[in-house]
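Note sheet for the following structure.
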Amino acid sequence: MGKLKRIFKFFYQENYDIQHRLLNIILLSGLIGIFISSIVSAFLGFKVITLVITGFSFISFLISLWIANGLKKPQTAIVFLSILANNIILPVMFVLSGGMQSGMPVWSLMGLLFSVMLIRGKKAYVVFALNLLGFIGAIIFSYFHPESLIYLESIRDVYIDLIVGVILVSGIFTLIFKYQSYIYEKQKKEILNAYKTAQKATDAKTEFLSNISHDIRTPLNAIVGYTELAQKSFEDQDKLKDYISKISIASNHLLNLVSEVLDMSKIEKGMVFNVEEVVCKISDVIEDVLHLLQKEISDKQLKVHVEYSLLDDGVVSCDKVHVNQILINLIGNAVKYSGPEKNIYINVIQFTAEDDSKTLFEFHIKDEGCGINAEYLDKIFLPFVRERRVENSSVPGSGLGLAISKSLAEMLGGSISVKSEENVGSEFVVSLPIPVPSLTEVVDDEESFDYDFKGKRILVVDDDDMSREIFSASLRSTGADVIEAQDGSFAIERITLSNPGFYDLILMDLHMPAIDGFEATKIIRNLETKELSDIPIIAVTANAFPEDKKKAFESGMNAYLVKPVKINDLEKVLKLILHDH
């Protein structure tokens with residue numbers, strides 16, 4: 001029974017099209033039919049030549065089966081068998097079986113329909129016409145040369161041969177039509193299920209867009225409102241600082257929302273994230289996340305308990321950016337959905353992994369918040385889905401954080417699970433296999449150093465006026481001299497006409513009209529004067545895609561920063577590059 005199932009699965013694989021599957025039905029049924037027919041022929045006392053032709057037919061079916069399934073060329077097999085059967089085998093059998101006084105007309109009918117049903121395109125009409133000529137030729141031959149026909153010995157034999165032919169051919173066609181109906185119903189169900197799934201996804205996205213538009217408008221309203229208030233409060237420094245602080249909070253919140261939407265878009269498109277491993281301590285990763293969330297924790301007077309007792313030294317070589325993102329989403333949710341003065345428990349457990357080069361870490365994040373409804377628990381990691389309840393309706397967020405965290409965890413070879421009870425709290429468990437760093441990697445970070453930017457001349461290249469103004473103002477605040485250029489062509493002109501050593505560094509946007517940052521960098525790198533071609537160039541772009549980063553370094557850039565760029569990060573990169581140059 002097990003062998004029959006394996007044979008069935010082999011001949012009716014899901015990746016085979018309908019013609020391929022029907023061909024296999026006909027071939028297998030035909031082989032059985034030929035076998036039964038040969039037994040009947042032997043019983044009825046047919047001539048040896050009849051049995052030879054029957055054997056030849058059997059071999060032809062086997063060859064067709066091999067072409068279709070061994071060579072994976074079903075259409076070639078169909079054309080081969082159709083022409084061979086209708087123009088050689090069936091006409092010969094027609095003559096040897098008594099012509100119209102036998103079951104052969106029934107078999108000829110099946111042969112003609114065979115080509116129409118299974119051959120695709122214009123070839124079907126050509127093969128059908130050729131087969132029809134073969135059948136008509138056999139009838140004409142039998143009409144003008146009746147003496148050549150080998151008739152069955154009695155009318156009883158004719159009826160038996162006719163009945164056997166009708167039974168076998170009708171059985172084959174019944175199988176074909178039944179299988180076609182089965183495939184049709186199956187495809188119909190799949191299409192219906194796909195439609196329902198797509199409809200649910202569309203409804204979820206519609207709801208998500210409604211939610212996200214509200215969530216985005218909230219920080220935007222704060223930014224616009226506090227900006228107007230700040231413009232009227234230049235004389236009151238305390239109010240001005242307060243408004244600017246609130247603008248900064250709203251801006252960061254808006255940036256997080258946009259980042260989540262962009263990350264989810266990349267995940268849906270199947271784009272590969274860059275995995276950049278750095279040596280760090282797991283405890284430092286947790287502390288960094290808590291520092292980022294410190295204001296929200298303090299505002300709610302939450303008590304955060306971090307447990308490292310089941311952690312060794314915790315030095316690893318991990319993708320800190322994405323591990324941070326996972327933990328920010330999960331710990332951030334624990335903070336958002338916890339009431340004032342509640343507890344949050346973070347427990348990090350270290351296990352020995354099967355792979356000696358990795359260590360398995362479990363991050364348990366438990367809160368005493370509102371919990372998750374049991375019906376919603378199964379959907380919690382789906383994108384564009386967010387539970388809306390009265391107690392959490394005012395909580396900001398896009399509802400994408402958990403979907404992104406799950407995708408990132410799986411990308412890193414890990415998993416996320418959740419246990420929750422409504423009005424009691426939730427516990428998320430993240431399991432991540434993280435590489436153990438080699439001895440050469442475990443070194444202290446380079447000591448920070450002071451750097452004097454006075455006298456350093458920096459060319460800022462960006463087609464956006466506001467971005468250019470912000471970068472220029474930030475750099476001038478460090479004491480550097482700044483010169484601006486609107487796009488790559490102006491940058492090339494300024495560098496080409498400058499004296500060697502005039503510019504110390506170029507801050508280059510990537511996507512600009514006329515000449516973009518990639519092309520401008522290539523041209524500068526190919527200048528004949530070495531002092532000009534070697535000027536450090538830092539890419540600054542709104543695109544965080546890996547292909548852009550790769551292209552930037554291939555064009556000759558020294559560093560890559562993604563907008564919005566924090567001033568501290570910009571200064572750090574400038575220090576490192578100017579210090580080493």
Side-chain angles (χ1 to χ4, degrees), residues 251 255 258-259 262 274 276 449-581:
S251 299
L255 177 61
V258 174
S259 295
L262 292 177
N274 255 10
E276 296 183 1
F449 56 88
D450 293 327
Y451 190 86
D452 188 2
F453 288 97
K454 288 181 181 178
K456 298 297 178 182
R457 193 170 287 106
I458 299 172
L459 178 63
V460 175
V461 188
D462 200 310
D463 63 313
D464 183 71
D465 295 340
M466 290 183 67
S467 294
R468 211 166 53 247
E469 182 181 354
I470 291 170
F471 283 128
S472 298
S474 300
L475 292 170
R476 288 189 180 107
S477 69
T478 66
D481 293 332
V482 179
I483 298 173
E484 300 179 16
Q486 295 176 358
D487 60 43
S489 60
F490 285 99
I492 294 167
E493 182 181 1
R494 290 186 181 280
I495 295 297
T496 306
L497 298 176
S498 68
N499 294 321
F502 184 79
Y503 288 105
D504 296 286
L505 185 138
I506 303 171
L507 210 60
M508 181 83 76
D509 186 25
L510 293 182
H511 298 282
M512 298 179 288
I515 298 178
D516 62 21
F518 301 111
E519 190 61 31
T521 300
K522 288 179 184 177
I523 293 172
I524 292 171
R525 291 293 179 239
N526 287 319
L527 293 176
E528 292 182 2
T529 307
K530 185 173 174 56
E531 288 84 352
L532 298 180
S533 64
D534 285 347
I535 295 174
I537 302 175
I538 300 175
V540 183
T541 179
N543 282 358
F545 299 125
E547 55 267 28
D548 276 337
K549 186 173 183 180
K550 181 182 178 184
K551 189 177 175 182
F553 284 117
E554 286 176 350
S555 66
M557 293 183 170
N558 301 82
Y560 190 93
L561 294 173
V562 179
K563 295 177 183 177
V565 179
K566 293 183 179 179
I567 304 305
N568 289 341
D569 292 340
L570 177 61
E571 286 186 16
K572 182 179 179 181
V573 173
L574 290 176
K575 284 179 183 179
L576 290 172
I577 290 180
L578 291 174
H579 178 264
D580 293 336
H581 197 265

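Throughout, residue positions are numbered sequentially from 1 according to the sequence presented.
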Just to verify, what does S498 make a side chain to side chain donor-acceptor pair (under 3.5 Å) with, not counting sequence neighbours? none
For residues 481-491, which residue pairs pass the side chain to side chain donor-acceptor pair (under 3.5 Å) check, not counting sequence neighbours? R468-E484, S472-E484, D487-S489
Show me the donor-acceptor pairs within less than 3.5 Å that the side chains of residues 515-523 make with the rest of the protein, sequence neighbours left out.
{"residue": "D516", "atom": "OD1", "partner": "F518", "partner atom": "N", "Å": "3.2"}
{"residue": "D516", "atom": "OD1", "partner": "E519", "partner atom": "N", "Å": "2.9"}
{"residue": "T521", "atom": "OG1", "partner": "G517", "partner atom": "O", "Å": "2.7"}

Residues in side chain to side chain donor-acceptor pair (under 3.5 Å) with R476, at least two apart? none
Closest non-hydrogen atom pair between P536 and N558, with its separation: CA-OD1, 3.3 Å
Heavy-atom check, side chain of F471 versus side chain of L570, under 4.5 Å: yes
Looking only at heavy atoms, what is the nearest atom pair of I458 and A480, with distance? CD1-CB, 4.0 Å
Rounded to the nearest 0.5 Å, what's the gap from OG1 on T496 to CD on E528? Could you check? 11.0 Å
State, to 0.1 Å, how close L532 and P500 come at their nearest heavy-atom pair, and which atoms those are. CD2-CA, 4.0 Å
Kindly write out the residues that satisfy side chain to side chain contact (heavy atoms under 4.5 Å, CB included) with S477, not counting sequence neighbours, or none if the list is empty. none
Intermediate values then yes/no, side chain to side chain contact (heavy atoms under 4.5 Å, CB included), V540 and D462: CA-CA 9 Å; V540 183; D462 200 310; 5.5 Å; no
Of all residues at least two apart in sequence or in a different chain, which pass the salt bridge (Lys or Arg N to Asp or Glu O under 4.0 Å) check with R494? none
M557 versus A539, closest heavy-atom pair with distance: SD-CB, 3.1 Å
I need the minimum non-hydrogen distance between H511 and T541, along with the two atoms involved. CD2-OG1, 3.9 Å
Sequence neighbours excluded, the answer for salt bridge (Lys or Arg N to Asp or Glu O under 4.0 Å) partners of K454 is none
Sequence neighbours excluded, which residues qualify as side chain to side chain donor-acceptor pair (under 3.5 Å) partners of S474? none
Show the nearest heavy-atom pair for residues I535 and R525, with the distance to one decimal. O-NH1, 2.8 Å
Please walk me through it: do L475 and L574 pass side chain to side chain contact (heavy atoms under 4.5 Å, CB included)? CA-CA 10 Å; L475 292 170; L574 290 176; 3.2 Å; yes
D509: which residues meet the side chain to side chain donor-acceptor pair (under 3.5 Å) condition with it, sequence neighbours left out? none
Measure the NZ-OH distance between K550 and Y560 for me, rounded to the nearest 0.5 Å. 13.5 Å
Could you measure the distance from the CG atom of D463 to the CG atom of L510? Nearest 0.5 Å is fine. 11.0 Å
For E493, which residues count as a side chain to side chain contact (heavy atoms under 4.5 Å, CB included) partner, sequence neighbours excluded? F490, L497
Do the side chains of F502 and L459 get nearer than 4.5 Å, heavy atoms only? no
Any chance you could lay out the side chain to side chain contact (heavy atoms under 4.5 Å, CB included) test for K456 and L505, step after step, and finish with the verdict? CA-CA 8 Å; K456 298 297 178 182; L505 185 138; over 6 Å; no
